[in-house]
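So that the names make sense, note that chain A is the first sequence line, chain B the second, and so on, each numbered from 1. From a predicted model like this one, the values you see are computed outputs, not experimental measurements.
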There are 2 protein chains.
Amino acid sequence: MAIRDVSLAFKALSDPTRRDILKKLRNRSMTPGELSTYFSISKPSLSHHLSLLKAANLITADKEGQKIYYSLNATVFYELLNNFLEGFK
Amino acid sequence: MAIRDVSLAFKALSDPTRRDILKKLRNRSMTPGELSTYFSISKPSLSHHLSLLKAANLITADKEGQKIYYSLNATVFYELLNNFLEGFK
DNA sequence: TATATATTTAGATAATTGTCTAACTATCTA
DNA sequence: TAGATAGTTAGACAATTATCTAAATATATA
C-alpha cells in the first residue's frame, strides 16, 4: 500500500477530530459505534471522518457481520510523514 | 520557536502550491516577487499562501527595504512532523 | 516631490468542509 | 419473518477556502 494523494492525507490530518480518531486506533481496531462513545459528534459525522481517513489511506476497514473494524494503516502513515521529511532534508 | 497549532500546520501542508513554495524555500530565502515567477497564480494569491504558511509558523519573513525575504522555518517543520510521528510510535 | 517597484489588503465569488437530521442498507436474532 | 442493531448515504446549511481584480501601503530613486 502506498500514499495515493499527499494533499488528501495532509487534509485528513488537519482536522483535530480525525487526529483523535487515529490516536484511538493506535493500539487496536475499533468499530464506529465504539469510537462514537469517545466523541461528541453524530454518527453520520463520525462516519464522514472515517471515510475521509479511508480515502487518504490512513486507515483500513474490515467488515465482520454487521460490524466494521477500522484500523490505523501504520505503514502508509509512516511512509507519508517520513517521505515528506525526506523531501526536506 | 515551537509548533503553535497542529491543525493550522497540517492545513497549510495540505495545499500543493504551499508545499511547492516550501520546496522552493528549502535551499534559500526568496521574495514574493521571485517566488511568483515559478507559479501561475496572481501575486495576491501567492501573498495569501505565504501568510498562511507564516501563520502556521512554517516560514519566517525578513524585511529588507521594499523586499521581504521568506525562509523555511526548518526547525518547526521537523518538530511538527517528528513530534507527530512520536505520538504514533 | 513625483514616479516606479514590491507587496499586501479589500471585497467578491465559486468551491469545499463539517455538521446535523432523516432515511436507507445490511446483518443478526427471537 | 419482524424487529433490533450497526453503519452509511442523502440533503441541507453555515463557515471556510482559493482565487481573482482593484486599491492601498511602503520603500526607493530620479
When you check the gap from the basic side-chain N to the acidic O, do A:Arg28 and A:Glu34 get nearer than 4.0 Å? yes
Report the distance from atom CG of B:Asp15 to atom P of C:dT16, rounded to the nearest whole Å. 13 Å
Going by heavy atoms in the side chains, are A:Val76 and A:Asn73 under 4.5 Å from each other? yes
Under the side chain to side chain contact (heavy atoms under 4.5 Å, CB included) rule, collect the residues that match up with A:Ala55, sequence neighbours excluded. A:Leu8
Is there a donor on the side chain of B:Gln66 or the base of C:dT7 sitting less than 3.5 Å from an acceptor on the other? no
At a heavy-atom distance below 4.0 Å, which nucleotide of DNA chain D is the first touched by chain B, and which is the last? D:dT17 to D:dA28
Looking at B:Thr31, I'd like to know whether one of its side-chain N or O atoms comes within less than 4.0 Å of OP1 or OP2 on C:dT7. yes
More 5' along DNA chain C: A:Ser14 or A:Glu64, using each one's nearest nucleotide? A:Ser14
Relative to B:Tyr38, does B:Lys24 satisfy both conditions: NZ or CZ under 6.0 angstrom from the six-membered ring centre, and within 45 degrees of the ring's axis? yes
Once you round it to whole Å, what is the distance between P of C:dT7 and CD1 of B:Ile21? 13 Å
Is there a donor-acceptor pair under 3.5 Å between the side chain of A:Arg18 and the backbone N or O of A:His49? no
Within-4.5 Å side-chain heavy-atom neighbours: A:Tyr69 and A:Thr60: no
Under 4.0 Å between a side-chain N/O of B:Tyr69 and OP1 or OP2 of C:dA6, yes or no? no
Among side-chain atoms of A:Arg19 and B:Ser7, is any donor-acceptor pair under 3.5 angstrom? yes
With a 4.0 Å limit, can you tell me whether A:Ser42 has a side-chain N or O closer than that to the phosphate oxygens OP1/OP2 of C:dC20? yes
So, applying side chain to side chain contact (heavy atoms under 4.5 Å, CB included) with A:Met30, which one of A:Thr37, A:Ile68, A:Leu25, A:Ile21 is it? A:Leu25
Any idea how A:Phe84 and B:Phe77 line up, ring-wise: parallel (<30°), tilted (30 to 60°), or perpendicular (>60°)? tilted
Between P of C:dT21 and CD1 of A:Ile41, the distance in whole Å: 12 Å
Can a side chain N or O of B:Lys67 be found less than 4.0 Å away from OP1 or OP2 on C:dT7? no
So which of residues 43-52 of chain A are in contact with DNA chain C, with a heavy-atom cut-off of under 4.0 Å? A:Pro44, A:Ser45, A:His48, A:His49, A:Leu52
